[in-house]
Every structure is written in structure tokens, then in C-alpha cells.
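All values below were derived from every heavy atom in this structure, side-chain atoms included, with hydrogens, water molecules and symmetry-related copies excluded. Each chain gets a letter, A, B and so on, in the order its sequence line appears, and its residues count up from 1. Nothing here was measured: the structure is a model prediction, and the numbers come from that model.
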Number of protein chains: 2
Amino acid sequence: MAISKKEEFSKDDIWLADIAKALSHPARIRILKILTELNSCMVGSIVDQLPLAQATVSQHLKELKRVGLIKGEIDGPKVCYCVNQPVLEKAKKQLDKLFTTIGCC
Amino acid sequence: MAISKKEEFSKDDIWLADIAKALSHPARIRILKILTELNSCMVGSIVDQLPLAQATVSQHLKELKRVGLIKGEIDGPKVCYCVNQPVLEKAKKQLDKLFTTIGCC
DNA sequence: ATAATATATCGTATATTTACGATGAACGAT
DNA sequence: ATCGTTCATCGTAAATATACGATATATTAT
């Protein structure tokens with residue numbers, strides 16, 4: 001695509017677009033829900049509930065981690081992932097702000 | 001990516017992911033704001049405010065239209081775009097539901 | 001009819017995303 | 001030390017997204 005023009009927009013818009021990108025695959029939305037549903041948050045448990053290979057799930061987790069929506073703590077050979085509430089709250093706030101700005105509700 | 005697995009998720013998750021995808025570029029977030037700010041919503045007015053070529057803006061409008069977030073009415077040689085409130089409201093509702101589900105606020 | 005204006009679409013180049021198998025790295029148990 | 005388990009990363013292939021110039025289409029004005 002030649003050179004990306006994304007950086008020429010406002011910080012806020014770039015940040016929110018990036019959060020939206022992290023939410024733009026059903027697997028990643030499902031993962032967020034699974035992390036909430038399960039007491040355990042091992043990667044294996046997530047893989048079990050998705051129609052995707054372990055390597056693919058790992059990539060999706062990486063994308064969610066990249067924007068800060070989840071965080072992972074190493075626990076022996078396992079990794080325990082969970083939703084990162086502060087970022088989630090910021091995302092909700094910014095999305096609400098956008099919807100208000102563009103006249104919703 | 002070989003064959004997409006997106007269809008193997010729930011309708012709701014697919015729909016919300018698709019809305020998120022439409023919001024996943026700062027230009028498209030900016031466009032939604034511009035459509036609200038401007039009394040006029042001609043494509044030309046939008047192009048003037050973005051660092052992108054007309055063809056590129058047209059593509060972004062197409063993506064927003066694809067998911068129903070905006071609609072365009074032909075007005076002579078011009079096209080008047082505006083935010084599609086019902087879809088916007090559904091998007092907000094579904095996003096709120098997601099955030100509530102995953103424990104936010 | 002012709003010209004000017006507004007927008008969409010086509011063609012194309014490059015970047016990024018999605019998916020997977022295979023491999024590697026880290027840890028716990030034997 | 002070796003083995004099994006858990007997860008990330010590498011390499012790779014195909015799909016999709018982004019960007020633009022050029023062109024097509026449609027309407028209004030002359």
C-alpha cells in the first residue's frame with residue numbers, strides 16, 4: 001500500500017483505531033469472553049474452545065497484548081492471561097466519547 | 001491466510017468484529033466525526049480535510065457503508081453521506097454488552 | 001452536443017493479516 | 001540429564017487492506 005498515512009491523524013484517533021483493530025476478529029472477541037468465563041486462563045484452555053491451531057491463537061493473544069487489552073503472567077511452563085481492566089476502561093470511555101461525538105444516543 | 005475461519009464463530013461476534021474492523025483505521029474514525037461536524041457531507045468536503053487522495057477516501061467510505069455505519073444519498077452529481085444512527089446505536093449497544101460481559105465498569 | 005464537476009471503480013503495487021506446521025525455549029517431573 | 005508439557009516464534013502461503021493514478025459514469029451547466 002505504498003506508505004501508510006495512519007500517522008498523519010490525531011493520537012486519539014490512532015489509539016482508538018488500534019483498539020478497534022484488536023477487536024476486529026471474532027476469535028479475539030471470543031478470547032476476551034473466554035478469559036472472563038474461565039477461572040483458568042491458560043493458553044491451552046483457550047485453544048480448546050477455538051477452531052484454531054495453537055500457533056494461531058498465540059498470534060491473536062499477541063495482538064490483544066500489543067494494545068494492552070490483556071496481560072499474561074508466566075506461571076511455570078504455563079502462561080496465565082487475563083483482561084487488563086484499566087485499558088479496557090479507557091477503551092470503553094473513548095468509544096463512548098466517539099459515539100457521543102457522532103450523535104449516538 | 002489459507003482459508004478464513006471467521007465464519008466458525010457466533011453471528012454476534014462476527015458482526016461486532018466487522019463493526020470494529022470498520023473503525024480500525026483513523027481515517028474512518030475521522031470521517032465519522034467530519035460527517036457530524038459538517039453541515040455539508042459531500043465527498044469533496046471530506047477529501048479536503050484528509051491527507052488522502054479522493055480514490056482512497058472513496059474506498060474508506062465504501063467500507064463504512066459496507067457495515068452500515070453510514071449511508072449515502074445521491075444528490076445530483078454529488079453524494080451526501082451521513083451517519084446511520086440505527087446501526088450506530090446497535091453498535092454502541094453491542095459494544096457496551098461486550099464490555100459488561102468482560103467485566104468492564 | 002460539449003464541457004465541467006463529482007464520485008466510483010479499475011488496475012496495480014506494497015503492506016499487513018490470518019492461518020498453520022515445525023521448531024525452539026522454558027519449566028517441572030522423573 | 002532426559003522427557004513431557006506449555007507456549008512463543010519462525011517460516012511460509014494465501015487473503016485482505018491501503019494507497020494512488022487513471023479512467024469511467026453520471027449530472028449539471030453552457
Side-chain angles (χ1 to χ4, degrees), chain A residues 1-9 13-14 17-31 34-35 38 40-67 70-82, chain B residues 1-9 13-14 17-31 34-35 38 40-67 70-82:
Chain A
M1 71 176 104
I3 284 152
S4 171
K5 297 284 188 81
K6 282 188 183 172
E7 297 311 315
E8 302 186 25
F9 294 85
D13 287 352
I14 292 170
D18 216 28
I19 290 290
K21 187 157 78 70
L23 297 175
S24 72
H25 194 293
R28 291 194 289 266
I29 291 187
R30 190 79 194 88
I31 286 171
I34 290 171
L35 289 185
L38 289 183
S40 162
C41 41
M42 275 179 44
V43 175
S45 312
I46 302 167
V47 174
D48 288 347
Q49 301 203 25
L50 296 176
L52 299 170
Q54 179 261 320
T56 307
V57 172
S58 195
Q59 266 184 183
H60 283 307
L61 288 167
K62 191 179 179 181
E63 170 69 7
L64 287 169
K65 204 164 51 178
R66 182 185 66 81
V67 299
I70 66 173
K71 53 187 175 179
E73 275 178 38
I74 295 167
D75 172 28
K78 308 177 186 178
V79 178
C80 182
Y81 280 103
C82 58
Chain B
M1 73 175 106
I3 283 151
S4 171
K5 298 284 188 81
K6 282 188 183 172
E7 297 311 315
E8 302 187 25
F9 294 86
D13 287 352
I14 292 170
D18 217 27
I19 290 290
K21 186 156 78 72
L23 298 175
S24 73
H25 194 293
R28 292 195 288 267
I29 290 186
R30 189 81 193 88
I31 286 172
I34 291 170
L35 289 185
L38 290 183
S40 161
C41 41
M42 274 178 45
V43 175
S45 312
I46 302 167
V47 174
D48 288 346
Q49 302 202 27
L50 296 177
L52 299 171
Q54 180 262 322
T56 307
V57 172
S58 194
Q59 265 182 186
H60 283 306
L61 288 167
K62 192 179 178 182
E63 171 68 7
L64 287 169
K65 205 165 49 179
R66 182 184 65 82
V67 298
I70 67 173
K71 53 187 175 180
E73 276 178 37
I74 293 165
D75 170 27
K78 308 176 187 180
V79 178
C80 182
Y81 281 103
C82 58

Send over the distance from A:E73 CD to D:dT6 C1', rounded to a whole Å.
17 Å
First locate atom NZ of B:K6, then atom CD1 of B:I14, and finally report the distance between them rounded to the nearest 0.5 Å.
9.5 Å
Nearest-angstrom distance from the residue atom NZ of A:K62 to P of C:dC20:
17 Å
Separation of A:L64 CG from A:L35 CG (nearest 0.5 Å)
8.0 Å
Using a 4.0 Å heavy-atom cut-off to protein, can you give one letter per nucleotide of nucleotides 25-30 of chain D, 5' to 3': B if the base is in contact, S if only the sugar-phosphate is, - if neither?
--BS--
Sequence neighbours excluded, which residues qualify as side-chain contact (heavy atoms from CB on, under 4.5 Å) partners of B:P51?
A:E8, A:F9
Just how far, in rounded Å, is P of D:dA17 from NZ of A:K6?
11 Å
Is A:H60 near enough to C:dT17 that one of its side-chain N or O atoms lies under 4.0 angstrom from OP1 or OP2?
no
Pick base, sugar-phosphate or nothing for B:Q59, based on heavy-atom distances below 4.0 Å to the nucleic acid.
base
CG on A:D18 to OG on B:S24, rounded to 0.5 Å:
9.0 Å
Whole angstroms only, please: what is the CD-C1' distance between A:E7 and C:dT16?
15 Å
Scan residues 48-58 of chain A against DNA chain C and write down, sorted by residue number, each residue with any heavy atom closer than 4.0 Å; if none is found, say none.
A:L52, A:A53, A:A55, A:T56
Taking the side chain of B:V79 as its heavy atoms from C-beta onward, which of D:dT9, C:dT7, C:dA19 lies nearest to it?
C:dT7
CD1 of A:I46 versus C1' of D:dT6: gap in Å, rounded?
12 Å
Look up atom CG in B:L23 and atom NZ in A:K21, then write down how far apart they are to the nearest 0.5 Å.
14.0 Å
Any A:Y81 side-chain N or O less than 4.0 Å from OP1/OP2 of D:dT6:
no
Measuring from atom CD1 of B:I29 to atom CD1 of B:I34, what distance do you get when rounded to the nearest 0.5 angstrom?
12.0 Å
Given C:dC20, D:dC20, D:dA8, which nucleotide is nearest the side-chain atoms of A:K5?
D:dC20
Show me the side-chain donor-acceptor pairs of residues 52-59 of chain A shorter than 3.5 Å, one per line, residues at least two apart or across chains.
none

What's the NZ-P distance between A:K78 and D:dG4, to the nearest Å?
18 Å
N/O (side chain, A:K21) to phosphate O (OP1/OP2, C:dT17) under 4.0 Å
yes
Could you give the distance from CZ (A:R30) to NE2 (A:H25), rounded to the nearest 0.5 Å?
14.0 Å
Atom-to-atom span, CD1 of B:I3 to C1' of D:dT16 - whole angstrom
15 Å
Residue closer to the 5' end of DNA chain C, B:L61 versus A:R28 (nearest nucleotide):
B:L61
Separation of C:dA15 atom C1' from B:H25 atom NE2, nearest Å, is 12 Å
Across all chains, not counting sequence neighbours, the salt bridge (Lys or Arg N to Asp or Glu O under 4.0 Å) partners of A:K5 are none
Contacts of A:K62 meeting side-chain contact (heavy atoms from CB on, under 4.5 Å) (sequence neighbours excluded), chain-then-number -> none
